[in-house]
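One structure is given below, encoded as structure tokens.
Proteins get letters first, then strands, A, B, ... in listed order; numbering begins at 1 in each. Side-chain atoms are counted along with the backbone in the values below, which use heavy atoms only and exclude waters and symmetry mates.
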Amino acid sequence: MTGDAKAPSSYQRFYAVIRKIPRGRVATYGQIATLAGLDGQARQVGYALAALGRSSAVPWQRVINAQGRISMRSSGPGGSIVQQRLLEREGIEFQPGGRVALTRYQWRKRGS
DNA sequence: CCACTGACGAGTG
DNA sequence: GCACTCGCCAGTG
């Protein structure tokens, strides 16, 4: 692999990180960006997910914002409920207000 | 090239 | 908790 295919769109980089999120865990946009080596580009993470699609091989539902809330894609509020449903199905509990306890479900590398 | 938009984050009052 | 501002970058007209 001499040619590492060169800069595979930043998107692929985010997808690779998101795929590592274990089931029953969630990660924030900023976290994904940092792990991808693009600290500070949280916005691009959301942009990449938006361009992805529901039939993707990426567990996009495990990505939420730093407030522990589910961001809205487009088309009003119905979209967030779908994501919540998927997360609950993985064993993630939601607090009143549609919020997730990041202190309890945020994905973190062993040790920190 | 410029302006605007967009699954965000952190800081300030 | 809420409203506002700034930063960061890609896509579109």
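The listed nucleotides are dC8(B), dG1(C), dA10(C); the one nearest the side chain of Tyr11(A) is dA10(C).
Taking both residues in full, the closest heavy atoms of Ile18(A) and Trp60(A) are given as CG2-N, 4.4 Å, listed atom of the first, atom of the second, then distance. Taking all atoms of both residues into account, the shortest heavy-atom contact from Ala27(A) to Ile21(A) is CB-CD1, 3.7 Å.
The nearest whole Å value for the distance from the CD1 atom in Ile64(A) to the P atom in dG9(B) is 9 Å. One atom, CZ of Arg73(A), and another, P of dA7(B), lie 11 Å apart when rounded to the nearest Å. Taking atom CG on Leu49(A) and atom C1' on dA10(C), their separation rounds to 14 Å, with Å as the unit. Remark: P of dA10(B) and CZ of Arg69(A) are 15 Å apart, rounded to the nearest angstrom. Rounded to whole Å, the distance from CZ on Arg13(A) to C1' on dA10(C) is 16 Å. For Tyr29(A) and dG7(C), the OH to P distance is 23 Å, given to the nearest whole Å. Look at CG on Leu102(A): it is 13 Å from C1' on dG9(B), rounded to the nearest Å.
Using modelled atom types, one finds a donor on one side chain and an acceptor on the other under 3.5 Å when comparing Gln31(A) with Gln106(A).
At a threshold of 4.5 Å between non-hydrogen side-chain atoms, the residues Ile64(A) and Ser71(A) do not count as touching.
Against DNA chain C, the stretch residues 35-48 of chain A makes heavy-atom approaches under 4.0 Å through Gly40(A), Gln41(A), Arg43(A), Gln44(A), Tyr47(A).
Residue contacts shown for Ala50(A) include a base, since a base heavy atom lies under 4.0 Å away.
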Output side-chain donor-acceptor pairs under 3.5 Å for residues 32-49 of chain A, partner residues at least two apart or in another chain, one line each.
{"from": "Thr34(A)", "atom 1": "OG1", "to": "Gly30(A)", "atom 2": "O", "distance (Å)": "2.9"}
{"from": "Thr34(A)", "atom 1": "OG1", "to": "Asp39(A)", "atom 2": "OD1", "distance (Å)": "2.9"}

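No side-chain donor-acceptor contact under 3.5 Å links Arg99(A) to the backbone of Gly68(A).
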